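Taking it in order: structure first as structure tokens, then the write-up.
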Amino acid sequence: MKGNLVITIGRQCGSGGKKIGETVAQRLGVKCYDKELLTLAAKNSGLCEELFETHDEKPTSSFLYSLVMDTYSMGYSNSAYMDMPLNHKIFLAQFDTIKKLADEESCVIVGRCADYALAEYPNVVSVFVTGNDEERIEYLKQLYKVETAKAKDIMVKTDKKRASYYNYYSSKKWGDSRSYDLCINSSSVGIDGAVDMILELARVKNLRLKEKSGQK
């Protein structure tokens, strides 16, 4: 059902995006899907879960973009899908799983181009969480128990990987305010402040949708 509320969270590495998504889900009484999405996609597609972990949010060659989307529109039983590179099959399995979740329940989905997969769903709130580099690096130092240089390396490489994946599959720009309903700097407002902003946006957007529906 396309009336379910789905909040998608794009995030810079170390910005607290996952924690924000989990807290939003707790406040709403719904599930938050991050790595859990990989398990579901593996189950739905019949592919090995380890393969999803290996290819998680990793970019691929743009040369095959049209092949991927053409195959998606035709279904998985055709020869094009059978011959498709593994990373494309994994993307399509996640794409389908995201849509299936949105049809079945209200939820929060972290990363994995969920906002693009649900672009046609009216009751989706797309959010991008950023943060100041210094605070993100400090967070990663504590999380991984590493020195500053290593934490910065993790931050830069992870952001690059996520940006390449999103820019390729969504045809939008990762982190660009025009790609989302709301962009939040968690260093400025904190975890709880970000959660409050997201919930308020969801409330306002829902009211607006109801008003539009009532005008028709």
Side-chain angles (χ1 to χ4, degrees), residues 7-22 32-42 45 47-69 72 84-98 108-119 126-180 183-187 194:
I7 297 175
T8 66
I9 308 285
R11 72 285 185 224
Q12 283 188 316
C13 181
S15 66
K18 180 179 180 180
K19 178 62 177 176
I20 290 168
E22 291 173 340
C32 178
Y33 294 94
D34 183 13
K35 295 292 186 181
E36 299 84 356
L37 185 66
L38 307 183
T39 301
L40 288 174
S45 66
L47 296 171
C48 178
E49 184 174 346
E50 285 75 12
L51 294 175
F52 284 84
E53 295 174 354
T54 301
H55 292 80
D56 188 27
E57 290 191 296
K58 290 184 178 178
T60 186
S61 171
S62 60
F63 173 73
L64 295 175
Y65 175 78
S66 59
L67 172 61
V68 174
M69 299 318 294
Y72 176 75
M84 182 180 292
L86 181 60
N87 54 346
H88 289 73
K89 292 180 181 179
I90 288 172
F91 168 75
L92 291 179
Q94 290 186 110
F95 199 84
D96 270 348
T97 298
I98 289 168
V108 177
I109 302 177
V110 179
R112 297 166 187 86
C113 295
D115 58 312
Y116 174 66
L118 303 177
S126 61
V127 178
F128 187 83
V129 181
T130 184
N132 298 340
D133 286 358
E134 296 79 7
E135 292 188 27
R136 292 198 289 140
I137 290 171
E138 189 60 34
Y139 171 82
L140 294 172
K141 284 172 62 178
Q142 299 299 320
L143 179 64
Y144 294 109
K145 308 301 181 185
V146 296
E147 298 300 320
T148 299
K150 180 61 177 178
K152 184 176 180 180
D153 184 61
I154 292 171
M155 180 185 76
V156 171
K157 289 183 177 179
T158 301
D159 281 350
K160 184 177 180 180
K161 180 186 72 171
R162 289 175 178 172
S164 296
Y165 181 86
Y166 184 91
N167 295 347
Y168 168 70
Y169 279 118
S170 74
S171 73
K172 297 191 294 181
K173 187 174 181 180
W174 186 79
D176 189 318
S177 61
R178 293 169 294 184
S179 299
Y180 310 90
C183 292
I184 302 174
N185 186 328
S186 59
S187 297

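Everything numeric here is computed off the predicted structure, so don't read it as measured data.
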Exercise. If you round to the nearest 0.5 Å, how far is SG of C113 from CD1 of I98?
Worked result: 7.5 Å

For this session: Mind listing the closest non-hydrogen atom pair of S187 and E135 along with its distance?
Result: OG-OE1, 3.3 Å

Exercise. Got Q94 and T97 here, is their nearest side-chain heavy-atom distance under 4.5 Å?
Worked result: no

Exercise. Would you call V110 and Y33 a side-chain contact if the rule is heavy atoms closer than 4.5 Å?
Worked result: no

Problem set entry | Test item: V129 and I9 side chains (from C-beta on) under 4.5 Å apart, heavy atoms | yes

For this session: Run the numbers on F91 and Y169 for ring-ring contact (aromatic ring centres under 6.0 Å, His included), then give the verdict.
Result: CA-CA 9 Å; F91 168 75; Y169 279 118; 3.6 Å; yes

For this session: Report yes if some heavy atom in the side chain of W174 is under 4.5 Å from a heavy atom in the side chain of D159; otherwise report no.
Result: yes

For this session: State, yes or no, whether a side-chain contact exists between T158 and Q12 at a heavy-atom distance under 4.5 Å.
Result: no

Problem set entry | Point-to-point distance, once rounded to the nearest 0.5 Å, from NZ of K152 to NZ of K141 | 12.5 Å

For this session: May I ask you to test the K89-S45 pair for a side-chain heavy-atom distance under 4.5 Å?
Result: no

Problem set entry | Sub-4.5 Å side-chain heavy-atom contact between L140 and V146 | no

Problem set entry | Gap separating the CG atom of D34 from the CD atom of E22, nearest 0.5 angstrom | 7.5 Å

Exercise. Heavy-atom count around Y180 OH within 6.0 Å, excluding the residue itself: above 12?
Worked result: yes

Exercise. What's the spacing between D115 CG and S170 OG if we round to 0.5 Å?
Worked result: 6.5 Å

For this session: Please round to the nearest 0.5 Å and tell me the distance separating atom CG of D176 and atom NZ of K172.
Result: 9.5 Å

Problem set entry | Spacing of I184 atom CD1 and F128 atom CZ [to the nearest 0.5 Å] | 11.0 Å

Exercise. Is any side-chain heavy atom of S186 less than 4.5 Å from a side-chain heavy atom of T130?
Worked result: no

